[in-house]
**Q** 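Starting off with a structure, shown below.
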Amino acid sequence: MNATATPHRFAPSAPLRGTIAVPGDKSISHRSLLLGACAVGETHITGLLEGEDVLATAAAMRAMGADVERLGDGEWRINGVGIGGLLQPESAIDCGNSGTSARLLMGLVASHGITTSLVGDASLSKRPMGRVIDPLSEMGAKFTASPGGRFPLMLEGAHPAVPITYRLPVASAQVKSAVLLAGLNTPGITTVIEPVPTRDHSERMLRGFGAKLDVGEEEGERIIRLTGQTDLQPRDLVVPGDPSSAAFFMVAATLVEGSDLTIRNVGMNPTRAGLVGVLRQMGANIEEVDAREVGGEPVADLRVRHAPLTGIEVDPSVAPSMIDEFPVLFVAAALAQGTTVTRGLEELRVKESDRLATMAAALETIGARVEENEDGLTIHGTGGEPLRGSADAQVETHLDHRIAMSMAVAGLASREGVEVDDTSPIATSFPNFMELLDGVTR
Ligand code: S3P
């Protein structure tokens with residue numbers, strides 16, 4: 001638990017009803033700031049997520065010379081420095097809890113003549129950075145990392161950097177994006193090969209900013225080629241709602257009897273929307289209304305009504321398209337009829353917490369039947385009966401926002417409620433989560 005932990009008890013809930021809009025997509029918000037800062041001229045953003053993670057990226061871009069200004073709620077303006085124009089920051093770059101800030105900023109800095117240290121909180125300091133240190137070192141950057149290739153670390157950028165061809169050894173959009181961002185200020189063509197497709201916001205947005213980027217497919221692998229040192233054009237960006245934030249409300253409305261909730265403006269990019277398909281396979285009633293495009297991304301309003309769920313074997317190939325949604329899927333599985341089996345989820349062990357171990361322990365604390373395996377959880381559901389909850393025990397969230405929100409959802413569908421040890425990390429990705437939850441369960 002951290003020093004300023006904020007415990008909270010999530011009580012059994014009334015049905016979730018009404019209409020909400022979740023905040024802007026976290027991945028797209030980070031990228032809007034990073035690319036806006038590299039364009040020449042003024043980028044205007046609406047719907048930016050103002051969570052701590054994204055604010056860490058904004059502060060970093062400011063520290064490196066971009067003029068970043070908040071105009072109003074979610075409305076931001078950036079005057080970029082142009083490709084190659086980032087300046088030496090005066091102090092360490094603090095990425096807080098944010099793996100995305102850490103990896104993407106490392107990529108961007110790696111091809112500038114900048115020497116800086118990068119630091120983060122206790123959770124981020126446990127996470128592996130070798131996955132970005134390896135390709136960025138091949139491009140010429142130098143790193144002095146803490147033991148195990150972790151934060152805090154020193155980074156000396158390469159100028160000029162060397163273009164590489166890099167086949168991703170892990171399915172990670174952060175690693176892909178780090179290499180592509182480094183490629184922006186690298187002469188020649190930087191190539192990333194993706195054997196397993198991951199979220200493609202970087203590719204969509206780089207194109208939107210006018211980068212020279214080709215995406216092809218060879219022998220079932222995605223090949224992304226970026227020509228470096230081409231100017232980026234400023235943009236007017238609209239950030240769609242975050243499907244990873246909508247996920248908590250989708251599952252809550254599915255689990256709590258009598259619920260009928262509409263979540264407006266949810267990003268439905270196929271590289272992100274895996275949870276919707278998996279929940280439907282389990283029997284969920286999720287209707288897509290008014291499917292449209294916002295800011296180059298597919299978006300829809302989702303109407304979610306309570307429905308009984310049945311356990312399934314989740315196809316491991318969908319994992320990258322719902323990688324952040326497994327904690328809340330585990331909660332859904334804990335109330336389904338029968339057994340849900342998940343596999344191929346080793347990556348969950350290196351998120352803000354070890355999400356397999358943390359969720360197994362949290363669900364057991366509140367009376368669910370769970371088996372933890374090396375690469376997934378097997379969960380035996382209650383068949384719709386509320387979970388027992390935790391009258392006198394706290395569940396531990398290990399500085400992980402998505403564990404806190406998942407266990408909040410579990411509390412709504414429990415008999416005794418669930419006491420979460422620390423809700424403060426929720427502010428990293430979903431600052432108005434509690435307010436929205438209060439509003440729809442009243
Ligand atoms: C993200 C990629 C994913 C995801 C994270 C955001 C991104 O991480 O878990 O929340 O914005 O690129 P990995 O690349 O480690 O899978």
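Both counts, for ligands and for their atoms, begin at 1 and track the order of listing. Residue numbers count from 1 along this sequence.
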**Q** Under 4.0 Å between a side-chain nitrogen and a carboxylate oxygen: does that hold for Arg343 and Asp375?
**A**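 Looking at Asp375 together with Arg343, the answer is no, because their closest N to O distance does not fall below 4.0 Å.
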
**Q** With the threshold set at 4.0 Å, does a side-chain nitrogen-carboxylate oxygen contact exist between Asp400 and Arg355?
**A**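 Here Asp400 pairs with Arg355 in a salt bridge, since their nearest N and O are under 4.0 Å apart.
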
**Q** Please could you name the atoms of ligand 1 that Asp324 approaches to less than 4.0 Å, counting only its heavy atoms?
**A**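 Per the distance check, 4 (C), 5 (C), 9 (O), 10 (O).
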
**Q** Closest non-hydrogen protein atom to atom 11 (O) of ligand 1, residue and atom name please, with distance?
**A**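 Checked against all protein heavy atoms, atom 11 (O) of ligand 1 sits closest to Ser27 OG, 2.7 Å.
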
**Q** Starting from atom 14 (O) of ligand 1, find the nearest protein heavy-atom neighbour and note its residue, name and distance.
**A**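 The protein heavy atom lying closest is Ser172 OG, 2.7 Å.
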
**Q** Residue-level breakdown please: for Arg31 versus ligand 1, do any non-hydrogen atoms fall below 4.0 Å on the side chain, on the backbone, on both, or on neither?
**A**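 Near ligand 1, Arg31 shows its side chain, while the N, CA, C and O stay back.
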
**Q** Could you check whether the rings of Phe430 and Phe433 sit parallel, tilted or perpendicular, using 30° and 60° as the cut-offs?
**A**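 Ring orientation of Phe430 relative to Phe433: perpendicular.
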
**Q** Which atoms of ligand 1 have any heavy atom of Ala173 under 4.0 Å away?
**A**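 Answer, ordered by atom number: 12 (O), 14 (O).
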
**Q** Under a 4.0 Å heavy-atom limit, does Lys26 contact ligand 1 with its side chain, its backbone, both, or neither?
**A**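 For Lys26, the contact with ligand 1 is made by the side chain alone.
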
**Q** For atom 1 (C) of ligand 1, which of Lys176, Gln174, Arg127 has the closest heavy atom?
**A**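 Ranked by closest heavy atom to atom 1 (C) of ligand 1, first place is Gln174.
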
**Q** Does Arg199 pair with Asp25 as a salt bridge, N-O distance under 4.0 Å?
**A**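 No, no charged N to carboxylate O under 4.0 Å.
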
**Q** For Arg127, is there an ion pair with Glu352 - N to carboxylate O distance below 4.0 angstrom?
**A**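 A salt bridge links Glu352 with Arg127.
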
**Q** Less than 4.0 Å between a side-chain N and a carboxylate O, is that true for Lys176 and Asp200?
**A**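 Not counted as a salt bridge, because no side-chain N and carboxylate O are separated by less than 4.0 Å.
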
**Q** I'd like to know if the side chain of Arg292 and the backbone of Val299 have a donor-acceptor N/O pair within less than 3.5 Å.
**A**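 A pair under 3.5 Å: no.
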
**Q** Ile323 heavy atoms, cut-off 4.0 Å: which ligand 1 atoms fall inside?
**A**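 So the answer, numbered in order with elements, is 9 (O).
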
**Q** What protein heavy atom sits nearest atom 13 (P) of ligand 1, and how far away is it?
**A**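 Going by distance alone, atom 13 (P) of ligand 1 is nearest to Lys351 NZ, 3.4 Å.
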
